[in-house]
Every structure is written in C-alpha cells, then in structure tokens.
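Hydrogens, waters and symmetry mates play no part in the numbers below; they use all other heavy atoms, side chains included.
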Amino acid sequence: RRHAPIHCRLTSSTTTTTTQEEQSAADDLSSLLSTSTSDEPSSSKKKRSNSSSGASSIPTGVRLEGIAKSYKGVTVLRAVSWEVQRGEKVGLVGVNGAGKTTQLRIIAGLEDPDAGAVVKAKDNMRIAFLSQEFEVCASRTVREEFLAAFEEEMEVRSRLEKVQAALEGATEDMDLMGRLLDELDLLQRRSQDVDLGMVEVKIQKLMPELGFAPEDADRLVASFSGGWQMRMSLGKILLQDPDLLLLDEPSLGLAPLIIA
C-alpha cells in the first residue's frame, strides 16, 4: 500500500515532463514560422537608428559644427568644427586627453555632444568605428570571426537550415508542410536580397588583402597576436562596406593597410 502513491506520483511526473517537451517543441516550431515574416529584419532597424537627424548641408562626407563636450565640469571639446569628404583620409593629431576619441565617438553616434551638430551627407550613412578595445571571440576560427560580420545573412542561413530540417520531419502533416514551404520561399527570397551566396566569396577575397593565408581560415583566433586580432576586427568592419571608417589609434601593424 505504501508503494502505490509513489507509483502514481512517478507516472504523473513522466506525463508532465512529456507534455512540457511537446509544448516546447510546438513553441520552437511556432517561433520558426513567425519571426522571419516580420516587416523588416532587426539588424536593418539598428542600422537606421544610428543615423543622424537634421538636413544635410554637405554633398558628401561628414561635418562637425561647433562641437562642445565636457565631463564632470572639465571641458574636453570647445567649438570644434571640421569636415571630411568622400575619398579623403584624415588624421586627428593631439596630446593624450585632447578629445580625439571623443570626437570619433560623437561622429559614430556613441556619444552626444553638449553643443553643436554632426552633419552627414545622408541620414542613412553607414559609419564603422574600430575602437582601441576591439572585440574578437578567441574560441572562434578566423573564418567564423569574419562570418560574425554578416549578422543578418547568418540569421537567414540559420533559419533556412532549421526550416529545411523541419520539412524532413513533416512529411505526414500536409498543413504543416505547406506552411513550412511558404516560409522556405520567403527565406530564399530574403537570402537573395541580402546576397547570402556572396558571403564566403567576400571573406575569401578579403583575407589575403589583410595578410592572412588561406590555411589561416581554420585557425583559432586565440592563436594570433593582438595585432593580427585587430586586423580581424578591421576586416569585419570592411566586410560591412561602411561609408565612413573611423580608426581610434590603430596599431603600427595596421599602418600599411591604412596607407594602401
């Protein structure tokens, strides 16, 4: 008699666990079918949110007009004005603490000035900023690190793989198969829009330009020095095809690449 209640509880627990697993699988499938049909990808929204407001008064490039910035009562920038046009390479020279990095961060939209304005030739200008604290993932291979630059493209590829895998298990559910086929069609069109097929080609073309050998693609990021890891960070930025590239005190290892 003492064993009967224990047996009942075990049976109930197993049933609950099975139900939870089924519900989780259903939620995963529902998510797979719903998110890729949104009006626009999240990465596109992020790109637009970084653009500046206000009418443009220059044909190309970026202009700083009367920029001022203070930190805790200490003035770093006062009435700073200058501009850079398309095709120009401009260097900011000054002593430590003169506000060089602050100006780059203001142009990139990472900080707001206390006064003045940043005027861009177009509102949706793509500005890339390579800071001194560049970010790489040591556990990735070089190829995987460069692939990380293609956030939207990798999202599309991942969802394509999941939908294709789900189709293989939906052969007996015609309604589900129809929905998955519709989703697959949408994702295939989206992959064409983002030029998914050119991702690997772009990486293979860029690597030798940065000094990497073909066999480096499968090496871990951790096996490279800091200078080479900075090249990877620069490569990820270049793969995004920015309109304006900002480099905050690049190391000597990048100097030949920048001059070229």
Nearest heavy-atom contact between Ala121 and Pro59 is CB-O, 3.5 Å
Closest non-hydrogen contact found for Lys100 with Val93 is CD-C, 4.0 Å
Can you check whether Leu244 reaches Ile107 side chain to side chain, under 4.5 Å on heavy atoms?
yes
Hits for side-chain hydrogen bond (donor to acceptor under 3.5 Å, both in side chains) against Arg105, two or more places apart or cross-chain, chain-then-number order -> Glu111
Are Ile67 and Thr102 side-chain neighbours, meaning at least one heavy-atom pair lies under 4.5 Å? no
### hydrophobic_cluster_shared for Leu220 and Met230, side chain cutoff 4.5 Å
no
Here the pair of heavy atoms bringing Ala108 nearest to Ile127 is CA-CG2, 4.1 Å
Before accepting this row, confirm whether a basic side-chain N of the pair Glu155/Arg190 lies closer than 4.0 Å to the acidic partner's carboxylate O. yes
Checklist entry - Can you find a pair of side-chain heavy atoms, one from Leu77 and one from Gln103, that are under 4.5 Å apart? => result yes
Just so I know, are the side chains of Asp216 and Trp228 near enough to count as touching, which here means a heavy-atom distance under 4.5 Å?
no
Is it the case that the side chain of Ser81 and the backbone of Gly66 share a donor-acceptor pair, with hydrogens and angles ignored and the cut-off at 3.5 Å? yes
Checklist line | Test side chain to side chain contact (heavy atoms under 4.5 Å, CB included) applied to Leu246 and Leu130, step by step | finding: CA-CA 6 Å; Leu246 306 174; Leu130 180 63; over 6 Å; no
CD of Glu200 to CZ of Phe150, rounded to nearest 0.5 Å, is 9.0 Å
Distance col, row Glu161:CD vs Leu187:CG, nearest 0.5 angstrom, shows 11.0 Å
What one should report as the nearest heavy-atom pair of Leu104 and Leu247 is CD1-O, 3.8 Å
Is the count of non-hydrogen atoms from other residues, nucleotides or ligands lying under 6.0 Å from Glu135 atom CD greater than 12? no
- Item | Lys/Arg N to Asp/Glu carboxylate O, Arg189 vs Asp185, below 4.0 Å | yes
Residues passing the side chain to side chain contact (heavy atoms under 4.5 Å, CB included) test with Ala117, sequence neighbours excluded, are none
Could you tell me whether a side-chain N or O of Lys202 sits under 3.5 Å from a main-chain N or O of Leu239, the two making a donor and an acceptor? no
Between the OG1 atom in Thr101 and the CG atom in Leu110, the distance rounded to the nearest 0.5 Å is 11.0 Å
**Asked** Would you call Ile106 and Asp112 a side-chain contact if the rule is heavy atoms closer than 4.5 Å?
**Response** no
Hits for side-chain hydrogen bond (donor to acceptor under 3.5 Å, both in side chains) against Ser223, two or more places apart or cross-chain, chain-then-number order -> Arg219
Between Arg143 and Met207, is there a side-chain heavy-atom distance shorter than 4.5 Å?
no
- Message: Keeping Arg231 on the side-chain end and Leu210 on the backbone end, is there a donor-acceptor pair under 3.5 Å?
- Response: yes
Residues Val76 and Gly97: closest non-hydrogen pair is CG1-O, 4.3 Å
Should Val90 and Met125 be regarded as members of a common hydrophobic cluster, given that ILVMFWY residues are connected when their side-chain heavy atoms come within less than 4.5 Å of each other, either directly or indirectly?
yes
Taken to the nearest 0.5 Å, the spacing of Glu152 CD from Leu196 CG works out to 10.0 Å
For Val201, the hydrophobic cluster (side chain heavy atoms closer than 4.5 Å, chained through members) also holds Met198
Across all chains, not counting sequence neighbours, the side-chain hydrogen bond (donor to acceptor under 3.5 Å, both in side chains) partners of Glu83 are Arg63, Gln85
With sequence neighbours left out, the residues meeting ring-ring contact (aromatic ring centres under 6.0 Å, His included) with Phe129 are none
Expected output: side-chain Gln229 to main-chain Phe224 donor-acceptor under 3.5 Å:
yes
Here the pair of heavy atoms bringing Gly235 nearest to Leu206 is O-CD2, 3.4 Å
Quiz prompt | pair Val199-Arg157: side-chain heavy atoms closer than 4.5 Å | solution = no
message = Are Cys137 and Val221 packed together at the side-chain level, in the sense that at least one heavy-atom pair is separated by less than 4.5 angstrom?
response = no
CD of Gln188 to CD of Gln192, rounded to nearest 0.5 Å, is 7.5 Å
Rounding to 0.5 Å, atoms CZ (Arg126) and CG (Asp241) come to a distance of 5.0 Å
State whether Asp243 and Lys120 are salt-bridged, where the test is any N-O pair (Lys NZ or Arg NE/NH1/NH2 against Asp/Glu carboxylate O) under 4.0 Å.
no
